[in-house]
Each structure stands twice: as structure tokens, then as C-alpha cells.
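The structure appears right after this line, and notes come after that.
For this chain, numbers begin at 1 and follow the sequence in order.
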Amino acid sequence: PFADVIKDAKESKGLFAVWQKDEKAWIEIAPDQFDKPLFFSVNLASGIGESFLFGGLMGRSHIVELRKIGSTVQLVARNDRFFARPSTPEATAVAEGFSDSLLASAPVASQPHPERKTVLVELNALLFADIPGAYALLDRAYRQPYAFDARNTSIARTRSSADAIGVLVNAHYAVSRLVQPPPTAAPGAPVPSTPTTLPDPRSLFLGFQYNLAKLPDEPMRPRVADARVGYFTVSRFDYSDTRTLTPRVNLVKRWRLEKKDPAAELSEPKQPIVFWIDRNVPLRYRDTIVAGVLEWNKAFERIGFKDAVQARIQPDDADFDTLDARHASIRWMTTARPAFGGIGPSQADPRTGEILDADIGIDPTRLRFARYRLADSSMPSPAPASSPLGFPQGDAHDCRIEDFVAEDRGFASDLLAVAGLLGHEKSLRQALADSGQPGGTRGAIVRDLFGGKVSDTSLAVLDEVVSARWSNDVDMVD
């Protein structure tokens, strides 16, 4: 019976009621929620810091349906890329020609509720599978047979709101025996390797944020992309008319902006674009990021929108996740090696191109060393030798020559940049070389001006230089 399954469980009301007890959770599905389109997304909440498995990275999204087949509930991704006008022979042909995809399934866990007629499905059974296909990415990156381990996978958190639910799954992947690289390999041939960021390369956890949300009540009017202008697009294939050269249709990915006052030359939008600055962004950068977001309002004002874009700081005690389906965000994405300065993926309604969510990632490794780009072309040092068990011998990060090259070049770049500035700014140069001022005072000026803009090593050298006595300011710069 329904009541027996959820006895002593805690309920969270929302789009779907979620019941949780100990390590298990259930979703309550009403009869009218089956066979209805929903927005489903998977985002990577935590990763391993390399091979593009970065915590905070946005994943794939689909339009899905919950389908009840006998005593089984299926989570099915609809194939909306191929379509034709509804209720036509062409639509029937498209439905017969292109398959949907099963993402997950689980047995019904209860009898229908005596009054609501709802049924329960255990989220553990539904989501404890490799739905994102991470095994394939791990296989491509390391040539190791990592497999999903349901026994050591757990639900870390569930959240439910009026229009969405989110479930954070801490998924375990493991390999019992690491494949060893061959003694010799053909040039360019892929060879097995292991992650360098793990305590034990045989085991790793990936945090997947699964989101299920309502779609817009009224689909946004799509805008066909113009090939003469660069857009991010959603591609669909329209088989309604055989007279067109190709069935491919490219729709612009864009936010839905509608004026509160359509008659006004400048109007606020009904729903602004809100970017949440994730609580993992360091305090010192938040104001700058907010200012950068708000700068876009100048562009939107030219097309009649006032305050179209907003930026808000996620509170430390917020009851929502920025990786859910309802909060566009800007996040700090810590990596072991710099892969990008910033990345801005988005998820859109495939039927219209309407952006439903976006999560911008900033790689702090790039910010720490803007000069790192100088080392990108350096020859990488060979991977550390592996022990018979596949573990790196010693610390894999101890002997990477490009790190030292980057540091040396960064130091030189700092000093050259400061020397160039002092060469142009005579008054600043004279103030720093003024022996009439205590060395500590001149050092404080250096720290105020260049602190956070150059490396700690460079700052210490500059402090020492300006604290010395100079016959004239030009000598100091030379």
C-alpha cells in the first residue's frame, strides 16, 4: 500500500511530491502527469578537475515524458529534432521513421493512492544508472574500463519547487583492474593512462544534478537563423514540405524577452534575464562580475528593453542550486590544468530555440596566471611512469616542466609590464624612487597598486626594489 511505502518519510511538495527517508527517495506521480512533455537536464555538480570532467559543467538536456508501461515507469527522451505538421500523413511517417530514447526506468513502488490515485517510483531505482554516459568519456580519456557502481552511489540532496524538482546523485565509477600501457606503442596510437588528480585511480565520484521541470505553457515563437549572421542555433528537420531544398531548419537560441508595456519605446521586460553569481565565486571578484553582467543592459536598451539583465548573488544559505533548471548562473570551476578562460553553455527548448537555462563557468587557473597562455605552446613533460598497479610513481604534479616555464615567463612578464608603466608615468616613478620617503611607505604604494595583479614573487621583488635607495628614478626602472 501507498502509506506503507512512505511511512516515516519526509515530504517535499512541488511539481512532483518527493518523499525521502534515510538513503531512499520516492517521486509521487499523478495520472495526469504521465505522457506530458517535461524539460529534463543533467549537469555535472562535481568532477575530477581534468579531462573536461569539471564540477559545474552544464550537460545535456531533453524534452521527456514519463510513460507508464504496465508496472514500469519509463523516462523517455522524445525525438523532437524530426517533425512535420501535426495530424498529417507526413507527421505519421516521421513518427514511424525516428525513434525516441529510453533514459531510465523503474518499477512502480506502490499501489495507487486511495484518493489521489498517484503512484510512487523510487528515485534510487530510476536514477542509479549511467544516464549521462560518463563511462564513454572516461574510456576515451583514459582507455580504462570504468563502470558505474550502483551499490556505492547515493542521493546527496533533493529539492522540489512548484515548477521543478532537482536530485543530486553522487555517482561512483570504478575499475577493478587498471589496464597497463604496452612496453612499446605505435606513434600516435592511444595508450591506457590514469587520472592524475585522484587518490586512487581505480575509483572516482561524479556528482550529477538531475532536473525535471515544466516547459513554458506557451512555446515561444521561433526565429529562423540567418546564415549571414553568427548565432548559436538549434537544428531541426521539417518534413512537412518536400519542395524545400533541405528539411534542415536552424533556429536561433535566444532568451524570451517581452515588454511589460508593448507601446512604450523603453520598457522593462515581463521576465528579466537573471544570472545568479554562485556562492563559490570568491568575494573579491563578485562586484566586477556583476558589473560585467549589467553592462549588457546598454545593448538591450537599444532594442527597447530597460533592465533586461539582472545579476544577483546567491546567498550562502540559499535553498536552491544554481545547477538546477531554473537559475542561470556564473560559477567558479576549479581545474587541475587550465582548459579555458570562460565557457558559456546553455540549454534550450529544441522546438523553439528558447534558452531555458545557462551556466557560465570561469576557470580561476587562467585568472591566477594571465601569462599562462605563454606556456601553452611549451612542450609538455612526459606522463609519470606508472607502478604495476597503475599508480603514478611520486606526485604526478611534481615534475611538469611547463609549470616552471609558465612561472618564469609570468615573473618576467610582470616585471616588464611594471617597467613599461613606470616608463610612461613619470610622477609615479618619481614617487617610488623618492629617498625622502621611508622605504615602507613606498612599498605600501607598490602593494596597493599591484597587489592581486602580479604574482606574489613579483610583488616581493618590486617591494624590495622601491625600498632601496636610488640616485635617480630612471635608474630604478632600468
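With rounding to the nearest 0.5 angstrom, the CG atom of Leu138 is 11.0 Å from the OH atom of Tyr135. Between Asp130 atom CG and Thr153 atom OG1 the span is 9.5 Å, to the nearest 0.5 Å. For the atom pair CG of Leu212 and CG of Leu127, the computed distance is 9.5 Å after rounding to the nearest 0.5 Å. Atom-to-atom distance recorded for Asp80:CG and Asp349:CG is 8.0 Å, nearest 0.5 angstrom. To the nearest 0.5 Å, atom CZ of residue Arg447 and atom CD1 of residue Ile445 are 10.0 Å apart. In this structure, the separation between OG on Ser101 and CZ on Arg78 is 13.0 Å, given to the nearest 0.5 Å.
Annotation for Gln347 and Ser61: closest pair CB-OG, 3.6 Å, computed over non-hydrogen atoms. The two residues Trp332 and Pro364 come nearest to each other via the heavy atoms NE1-CB, 3.2 Å. Here the closest non-hydrogen pair linking Ser99 and Asn79 is O-ND2, 2.9 Å. The two residues Val191 and Pro182 have their closest heavy-atom pair at CG1-CD, 4.2 Å.
At a cut-off of 3.5 Å, with distance as the only test, no side-chain donor of Glu295 or Asn297 sits close to an acceptor on the other residue. One side chain, Thr118 or Glu28, offers a donor N or O that lies under 3.5 Å from an acceptor on the other. Arg202 and Tyr146 form no side-chain donor-acceptor contact under 3.5 Å, judged by distance and modelled atom types alone. No hydrogens or angles considered: a donor-acceptor pair under 3.5 Å links the side chains of Tyr142 and Ser51. For Arg312 and Gln314, the side-chain atoms include no donor-acceptor pair closer than 3.5 Å. In summary, the side chains of Gln20 and Thr158 do present a donor paired with an acceptor at a separation below 3.5 Å, with no hydrogens or angles considered. Side-chain contact annotation: Ser161 with Asp163, donor-acceptor N/O pair under 3.5 Å present.
In this pair, Phe98 and Phe82 present their aromatic rings parallel. The plane angle is below 30°, not in the 30 to 60° band. Ring pair Trp255/Phe275 is perpendicular by interplanar angle, where above 60° counts as perpendicular and below 30° as parallel. Ring pair His113/Phe2 is perpendicular by interplanar angle, where above 60° counts as perpendicular and below 30° as parallel.
Taking 4.0 Å as the cut-off between side-chain N and carboxylate O, Asp321 and Arg159 count as a salt-bridged pair. The pair Lys24-Glu122 meets the salt-bridge criterion, since a charged nitrogen lies less than 4.0 angstrom from a carboxylate oxygen. Checked for salt-bridge contact, Glu354 and Lys253 miss the test: no charged N lies under 4.0 Å from a carboxylate O. A salt bridge is absent between Asp357 and Arg326; no separation between the charged side-chain nitrogens and carboxylate oxygens falls under 4.0 Å.
Side-chain N or O atoms of Arg67 include none that pairs as donor or acceptor with a backbone N or O of Val76 at under 3.5 Å. Formation of a donor-acceptor pair under 3.5 Å by the Lys7 side chain with backbone atoms of Ala3 is not found in this model. Judged purely by atom type and a 3.5 angstrom limit, Thr72 has no side-chain atom pairing as donor or acceptor with the backbone of Ala106. With hydrogens and angles disregarded, no donor-acceptor distance shorter than 3.5 Å links the side chain of Gln310 to the backbone of Ala308. Without hydrogens or angle criteria, Asn124 side chain to Glu23 main chain gives a donor-acceptor distance under 3.5 Å.
With Phe237 as the aromatic partner, Arg81 does not meet the cation-pi criteria of under 6.0 angstrom to the ring centre and within 45 degrees of the ring axis.
Proximity of Leu120 to Trp19: side-chain heavy atoms (C-beta onward) are separated by under 4.5 Å at one or more points.
Residues passing the side-chain hydrogen bond (donor to acceptor under 3.5 Å, both in side chains) test with Arg254, sequence neighbours excluded: none. Partners of Ser235 by side-chain hydrogen bond (donor to acceptor under 3.5 Å, both in side chains), not counting sequence neighbours, listed by chain and number: Arg248, Asn250.
A side chain to side chain donor-acceptor pair (under 3.5 Å) with Asp278 is found for one member of Arg286, Arg331, His327 and no other, namely Arg331.
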